[in-house]
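Structure record follows, encoded as structure tokens.
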Number of protein chains: 2
Amino acid sequence: MESQDLRKAGLKVTLPRLKVLEILESAQQRHMSAEDVYKALLEMGEEIGLATVYRVLTQFEGAGLVSRLSIEGGHAVFELEDGTHHDHLLCVRCNQIEEFIDEVIEQRQRVIAAEKGFQMTDHSLYIYGICRNCQS
Amino acid sequence: MESQDLRKAGLKVTLPRLKVLEILESAQQRHMSAEDVYKALLEMGEEIGLATVYRVLTQFEGAGLVSRLSIEGGHAVFELEDGTHHDHLLCVRCNQIEEFIDEVIEQRQRVIAAEKGFQMTDHSLYIYGICRNCQS
DNA sequence: GTGTAAATGAGAAAGGTTTTCATTTATATT
DNA sequence: AATATAAATGAAAACCTTTCTCATTTACAC
Ligand SMILES: [Mn+2]
Ligand SMILES: [Mn+2]
Ligand SMILES: [Zn+2]
Ligand SMILES: [Zn+2]
């Protein structure tokens with residue numbers, strides 16, 4: 001029951017919030033922009049404002065329900081938070097996104113932050129390239 | 001002689017271009033936004049349009065004279081290109097930027113891209129944190 | 001010096017995201 | 001079940017960084 005997820009996050013259970021959650025859970029693509037979510041809802045026949053989609057996604061991010069990717073140049077992309085940190089590979093041709101986890105890199109980042117006297121709060125790593133499909 | 005740098009890059013030697021180069025070379029902060037450069041020029045008494053600053057920085061990037069950082073949420077930041085690739089640590093309190101090079105991370109990225117069948121074109125890595133000065 | 005293509009500045013436009021504000025809705029209280 | 005109230009919503013305007021347009025100026029080859 002998704003309503004519980006919302007209540008647990010301290011958010012009122014409203015139709016727009018349930019619908020956005022539903023889209024994120026059922027969409028074929030795991031990584032979606034606000035516009036993607038908005039269009040998916042319209043196609044579903046839902047009446048919702050784009051501003052509400054942005055608001056809800058931002059609230060979900062604050063509540064730890066989704067995480068936001070800040071991709072170079074483009075718009076933000078959101079994905080359901082699954083508790084496991086991972087980084088991303090992005091195809092510059094077809095915009096497909098793949099995920100990866102690399103403990104060696106994670107560890108090196110901690111070491112570097114420590115060496116520089118930084119208390120690390122976050123990091124972002126994107127590898128850009130041409131995916132297998134898009135290589136001529 | 002900076003004029004040579006411009007000619008070598010196939011760019012006409014114009015006053016705005018020389019001035020932007022001058023700012024980048026003499027500024028106390030190595031990493032500057034277009035707005036930073038623009039304000040520095042105004043304070044210097046130079047007449048220049050913000051659009052020109054953006055244009056010139058983008059041309060410099062194309063010519064390999066500067067590189068552009070795409071920082072989360074904010075504006076782009078530029079720095080003089082020195083030929084050596086490096087990544088960045090950013091203080092979320094004072095916005096100070098530090099640089100680092102880590103061959104282990106570079107190598108792991110290549111391996112990951114290869115494993116996923118990606119022909120890597122670029123990557124961006126930012127470590128966010130609180131710098132030594134900003135830790136209470 | 002002249003001619004010509006390129007560069008510039010001002011302001012408009014773009015594009016993604018946030019804000020405003022009047023209206024609607026969820027939830028706690030009768 | 002009806003009511004009260006604070007929160008959420010939608011539409012449109014505003015925002016903010018960056019790019020574009022176009023008339024004017026400039027650099028550079030001749
Ligand atoms: Mn992901
Ligand atoms: Mn740097
Ligand atoms: Zn692709
Ligand atoms: Zn700091």
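Residue numbering restarts at 1 for every chain, and letters A, B, ... go by the order of the sequence lines. Treat the numbers as computed from the prediction; the structure is a model and nothing was measured.
In this entry the distance linking CD1 of B:I71 with P of D:dT18 reads 11 Å, nearest Å. In this structure, the CD atom of A:Q59 is 11 Å from the C1' atom of D:dT9, given to the nearest Å. Spacing between atom OH of A:Y38 and atom C1' of D:dA11 amounts to 10 Å, rounded to whole angstrom units. The distance between atom CZ of B:R17 and atom C1' of D:dC28, rounded to the nearest whole Å, is 13 Å. Spacing between atom CD of A:E47 and atom P of D:dA11 amounts to 7 Å, rounded to whole angstrom units. D:dA8 atom P lies 15 Å from atom CG of A:L57, rounded to whole Å. As a whole-Å value, the separation of B:L6 CG from D:dC28 P is 9 Å. Rounded to whole Å, atom P of D:dT18 lies 7 Å from atom CZ of B:F78.
Map A:V53 and B:L15 each onto its nearest nucleotide of DNA chain D; the residue landing nearer the 5' end is A:V53. Each of A:G49 and B:S33 was matched to the nucleotide of DNA chain D holding its nearest heavy atom; the match closer to the 5' end belongs to A:G49. Mapping B:A51 and B:G10 onto DNA chain C via the closest heavy atom, the residue that lands nearer the 5' end is B:G10.
Within the nucleic acid shown, B:E35 has no heavy atom closer than 4.0 Å to any nucleic acid atom. At a threshold of 4.0 angstrom between heavy atoms, the contacts of A:A76 are confined to the sugar-phosphate backbone, with no base atom among them.
In this structure, of D:dT17, D:dC20, D:dC28, it is D:dC28 that holds the atom nearest to the side chain of B:R7. Comparing C:dG9, D:dA8, D:dT17 against the side chain of A:K12 picks out D:dA8 as the nearest. Taking only side-chain atoms of A:L50, from C-beta outward, the nucleotide of C:dT27, C:dT19, C:dT17 with the closest atom is C:dT17.
Put simply, B:Y54 has no side-chain N or O that comes within less than 4.0 Å of OP1 or OP2 on D:dT19. Here A:T14 reaches the OP1 or OP2 of D:dT9: one of its side-chain N or O atoms lies under 4.0 Å away.
The minimum heavy-atom distance linking A:R7 with A:V13 is given by the pair NH1-CG2, 3.5 Å.
In this structure, B:Q135 contributes its side chain and B:I130 its backbone to a donor-acceptor pair below 3.5 Å. In terms of modelled atom types and a separation under 3.5 Å, the side chain of B:S67 and the main chain of B:E81 share no donor-acceptor contact.
Under a 4.0 Å N-O distance rule, the pair A:R17/A:E46 does not qualify as a salt bridge.
With hydrogens and angles ignored, a donor-acceptor pair under 3.5 angstrom links the side chain of A:R55 to the base of C:dT20.
Contact annotation: the side chain of A:V37 never approaches that of A:F78 to less than 4.5 Å [non-hydrogen atoms, C-beta and beyond].
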